[in-house]
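Quick note: residue numbers are just sequence positions, from 1. Heavy atoms only: backbone and side chains are in, while hydrogens, waters and symmetry mates are out.
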Amino acid sequence: MKNKRLCDPTWNYFPRTFLLYILPLGLMSFFLYNNLIGFSRDFWVPFVFALIAPTLNVKRKFWVLKDFQNRDCYIYSMPFLFAGIWSLCIIYTPYLWMAVVSFIGFFLIFSFLLVKYEILKIYSLKVETLKRGLFKKFFACGVTWWTYVGIGFLLVHKYGTDTWLSMAVCSALVILPIQVIFVFIEKKCAKPERFQNIKKLAVIGAGFAGVYATKWLTENNIEVECFEKSSSIGGVWKFREEEKERATVFRNTRATSSKHFMHAMDFRVPEEFPDFPHNLQYMEFLESYVDNFNVRDKIELNTEIRNIEKQDGKWSLSLFSQSEEKTRMYDAVVVCSGPQAFPRHKIADDPLYSKFTGKIIHTSEYKDNSLIEGNDKVLIVGAGESSADIVAECVDKKCKVFWSAHSGQWYADRNVGPFAIDHVVAVGFRQLLGKFFNIEYLIRRYVVQVYINMIWGRGGHGVKEWMPKTPYLHQFLNKSRDGILEIYKGNVTPKRAVTEINGNKVKFAEEEEFLEFDKIILATGFIPNWPFLKDTPAKLFKFVFDPQNPTLSFISLARPVIGSITSIADIQARWVASVYSGQTTLPNESMRESILYEDLKDQNMRFKDTNKLKIYTDQDGYTHELASFMGIQVKWLKLLFFNPKAFWTMLWTPWTAFQFQLSNKDKDIREEALQNIRAEMPPSIHPLYAVVWFILQWLFCAAAGAVAIFYFLPLWQVCGIYALFLFVMAIHTRMRDLAVFSDKGT
């Protein structure tokens with residue numbers, strides 16, 4: 001099972017469904033059948049408690065239940081379980097003390113199972129406690145909690161009455177002490193850190209991340225100095241033909257994320273740009289951004305950072321500029337040079353590829369197909385977006401091309417008809433449907449993935465050598481299908497991983513014969529490496545802060561499965577500026593370690609990521625989490641009651657960075673953001689509308705059919721049938737996944 005968890009993020013679908021849905025609904029049907037739900041304080045006080053108390057404290061994140069996508073939330077089927085178990089204990093035990101003991105015992109076992117199947121996060125404990133055995137872990141966090149709750153319900157049973165007033169007062173008396181305890185824990189045991197002494201800060205790198213960081217820090221009245229090693233801003237987006245060691249875009253590189261995901265939250269990409277801008281166009285946007293916010297004078301070009309170390313609470317930076325070495329002191333450092341600098345394979349030192357006697361190059365050296373000669377027999381290694389671009393350019397040179405992928409890979413097209421495919425999902429409906437029985441997850445698993453496999457073949461390509469072993473959106477999604485089209489045309493031969501090299505001959509997995517090649521192009525990516533840091537953090541809090549030294553932070557490390565690194569860097573930069581200016585707090589070190597420990601467990605289960613920093617994430621969930629730290633997330637209820645037009649717009653609009661300006665205190669900024677959001681609304685013929693309307697019609701028909709079928713049935717039968725339906729669905733999903741992820745299934 002442990003091996004399968006690495007390639008099967010849905011391994012606990014069945015226990016999750018059983019514990020969170022089938023068990024509460026089954027219990028509810030039992031109560032309804034036996035007429036045990038009446039005007040009873042023993043049912044309604046626990047129900048109200050389980051409905052309100054956790055909801056009030058989910059944002060504190062001392063513990064949270066997780067939905068099917070491992071997002072932090074609270075499952076609203078739990079009140080049925082609380083109320084049902086306590087009522088059973090009161091009804092079927094002869095003594096009150098036995099009722100309390102039974103109640104505590106059940107929920108200790110229940111909590112044990114929640115943690116075992118990674119449905120529950122416990123942030124309030126230290127990492128050392130979280131790593132203990134499960135019995136010790138629950139002895140540390142469960143007995144006290146459930147004892148308090150059990151005794152509280154016992155006192156309600158003994159001294160309360162079955163009247164509305166009594167039940168309301170009893171519920172308040174049980175809930176309020178919990179709130180006091182949580183506030184005490186937060187202020188004393190989990191007191192957050194606030195940085196108010198950050199006056200001078202260094203930003204390393206002047207790519208998009210460095211530019212965003214410089215702008216937001218300057219806007220928050222922090223003295224900033226940004227250092228860039230090269231002669232211009234732009235980072236990897238700046239084409240530099242002379243650069244051979246560090247990554248830059250190719251001459252013909254276009255964005256694989258649409259411009260709709262590349263807007264800064266307070267600065268638009270020009271309307272006249274195509275959906276997928278050329279690298280020169282993006283550089284034009286970045287130059288305009290720098291000039292618009294007057295941060296060019298904050299950037300020092302041709303300045304190399306040689307060393308960074310912490311001395312007496314401050315950071316000492318050794319700089320080399322104009323043939324002179326200098327040392328400067330800063331209160332904090334923001335590293336924006338990104339992980340795409342040092343090739344994953346150093347050819348001279350690599351035990352496999354160093355044996356190749358033909359010409360071998362890495363994508364850091366590749367600028368265009370001038371390095372390729374016609375009629376060359378070329379092997380491209382790697383299944384990323386860069387490799388797909390190189391494959392297409394090699395085909396243009398009339399080369400005989402072979403394409404090797406180490407493991408299975410998912411592909412998607414950049415467009416659906418004339419529209420950008422990443423501009424299809426309406427973020428409002430996605431969040432709304434995700435709150436009700438995880439409909440959004442089920443649609444993705446049973447509609448989107450099936451549609452992709454049906455239209456383009458398994459994995460979005462149907463190439464048997466590259467069949468993925470992970471579900472859709474649980475690993476990197478390649479949005480460059482040009483190379484796949486060349487496979488269909490017969491211009492490219494797909495191969496599995498390279499296993500052996502002898503001279504100019506290469507052998508692949510599951511093949512016995514060697515093949516000869518003139519050139520090998522390694523599109524195997526890069527490794528996160530910052531030579532100016534003596535100790536590179538092995539893990540980062542929310543992909544940004546060094547958990548031990550939060551005055552050291554990194555921007556642009558997180559990689560969305562679908563989305564844009566640039567837009568993620570924008571909100572990361574705003575969060576960093578908010579923290580360093582003292583407007584936003586960070587959890588204390590113990591809490592950071594616990595949260596990071598839980599996040600890494602989630603990462604291992606959700607995504608297939610071989611990078612040591614575990615950097616893949618879901619753009620929508622991640623950006624909204626960062627926004628919630630600053631209080632700038634979309635406040636749906638507030639929009640609904642005070643600005644219904646904006647609510648309706650947000651409901652239909654795909655993800656856009658402008659949404660994080662809707663909570664700005666400045667009315668003019670809010671209005672400008674809303675205008676930008678409306679400008680992002682797809683045209684009326686966009687397939688987004690057809691998809692959403694189809695889903696709504698399907699849900700309406702399903703609901704209407706259920707009402708028609710169950711109209712004459714008792715409510716207990718309705719609950720029982722729905723629980724049985726979920727049970728069958730859970731078994732079906734688990735069996736289907738096991739078949740897909742097994743060797744026979746691929």
Side-chain angles (χ1 to χ4, degrees), residues 236 239-254 279 340-407 409 461 463 465-466 478 480-527:
V236 296
F239 176 71
R240 299 182 179 91
E241 191 165 7
E242 71 284 356
E243 184 65 74
K244 301 298 182 184
E245 295 182 357
R246 290 172 174 263
T248 67
V249 291
F250 306 151
R251 189 184 303 276
N252 297 318
T253 296
R254 289 186 175 272
N279 64 83
Q340 293 180 315
F342 297 92
R344 186 177 298 276
H345 288 96
K346 291 185 178 180
I347 298 169
D349 302 330
D350 191 271
L352 179 62
Y353 294 105
S354 61
K355 297 177 182 178
F356 186 69
T357 56
K359 187 172 183 179
I360 183 168
I361 60 176
H362 191 273
T363 49
S364 58
E365 303 174 65
Y366 185 93
K367 305 301 175 184
D368 53 38
N369 62 6
S370 61
L371 292 173
I372 308 299
E373 298 177 4
N375 299 319
D376 274 347
K377 193 173 182 181
V378 181
L379 171 64
I380 291 102
V381 180
E385 291 168 345
S386 297
S387 67
D389 293 339
I390 294 173
V391 164
E393 293 193 356
C394 289
V395 170
D396 289 342
K397 270 295 190 77
K398 309 299 181 184
C399 299
K400 190 171 183 180
V401 182
F402 290 74
W403 194 1
S404 168
H406 183 268
S407 58
Q409 179 62 53
H461 50 76
V463 178
E465 289 84 358
W466 299 348
N478 192 324
S480 291
R481 283 183 54 85
D482 295 346
I484 295 294
L485 296 178
E486 298 299 339
I487 293 177
Y488 297 158
K489 295 176 185 177
N491 296 328
V492 176
T493 303
K495 291 290 183 181
R496 298 183 188 269
V498 175
T499 57
E500 189 176 346
I501 294 179
N502 185 5
N504 66 341
K505 297 180 180 180
V506 178
K507 184 179 179 182
F508 300 95
E510 300 184 14
E511 294 185 13
E512 296 182 359
E513 295 183 357
F514 283 86
L515 296 178
E516 293 186 4
F517 292 96
D518 300 305
K519 292 183 176 70
I520 293 180
I521 301 176
L522 293 178
T524 50
F526 300 82
I527 56 173

Side chains of Asn491 and Glu486, donor plus acceptor under 3.5 Å: yes
With a 3.5 Å distance limit and no angle check, can you tell me whether Asn279 reaches the backbone of Thr253 through a side-chain donor-acceptor pair? yes
Are Val378 and Ile372 packed together at the side-chain level, in the sense that at least one heavy-atom pair is separated by less than 4.5 angstrom? yes
Given the rule in the side chain to side chain contact (heavy atoms under 4.5 Å, CB included) test, do Ser480 and Asp389 qualify, once you have shown the distances and angles that lead to the verdict? CA-CA 7 Å; Ser480 291; Asp389 293 339; 3.9 Å; yes
Does the ring centre of Phe526 sit less than 6.0 Å away from the ring centre of His362? yes
List, one per line, each side-chain donor-acceptor pair under 3.5 Å for residues 497-509, sequence neighbours excluded.
residue: Thr499; atom: OG1; partner: Lys507; partner atom: O; Å: 3.2

Who passes side-chain contact (heavy atoms from CB on, under 4.5 Å) against Glu465, sequence neighbours left out? Val463, Pro494, Arg496
Report the distance from atom SG of Cys399 to atom CD of Glu393, rounding to the nearest 0.5 Å. 11.0 Å
Is the shortest side-chain heavy-atom distance between Val391 and Asp482 below 4.5 Å? no
Ser387 side-chain N/O to Gly382 backbone N/O, donor-acceptor pair under 3.5 Å: yes
Please set out all donor-acceptor pairs under 3.5 angstrom arising from side-chain atoms of residues 513-521, sequence neighbours excluded.
residue: Asp518; atom: OD2; partner: Lys377; partner atom: N; Å: 2.8
residue: Lys519; atom: NZ; partner: Asp376; partner atom: OD2; Å: 2.5

pair Ile360-Leu522: side-chain heavy atoms closer than 4.5 Å: yes
Stepwise, does the side chain to side chain contact (heavy atoms under 4.5 Å, CB included) test hold for Ile390 with Tyr366? CA-CA 9 Å; Ile390 294 173; Tyr366 185 93; 3.8 Å; yes
Indicate yes or no for a side-chain donor-acceptor contact from Lys397 to the backbone of Asn369 under 3.5 Å, with no hydrogens or angles considered. yes
Minimal heavy-atom distance between Phe239 and Arg251, with the atoms involved, is CE1-N, 3.5 Å
Quick one about Asp368 and Ser370 (side-chain donor to acceptor, distance below 3.5 Å, no hydrogens or angles considered), yes or no? yes
Any side-chain to backbone donor/acceptor pair from His461 onto Trp466? Under 3.5 Å, distance only. yes
Does a donor on one side chain and an acceptor on the other come within less than 3.5 Å for Lys367 and Thr248? yes
Between Ser404 and Leu379, is the side chain to side chain contact (heavy atoms under 4.5 Å, CB included) condition met? List the steps. CA-CA 7 Å; Ser404 168; Leu379 171 64; 3.9 Å; yes
Tell me, with the steps shown, if Ile487 and Trp403 meet side chain to side chain contact (heavy atoms under 4.5 Å, CB included). CA-CA 9 Å; Ile487 293 177; Trp403 194 1; 3.9 Å; yes
Minimal non-hydrogen separation, Lys359 against Leu371, with atom names: NZ-CD2, 4.2 Å
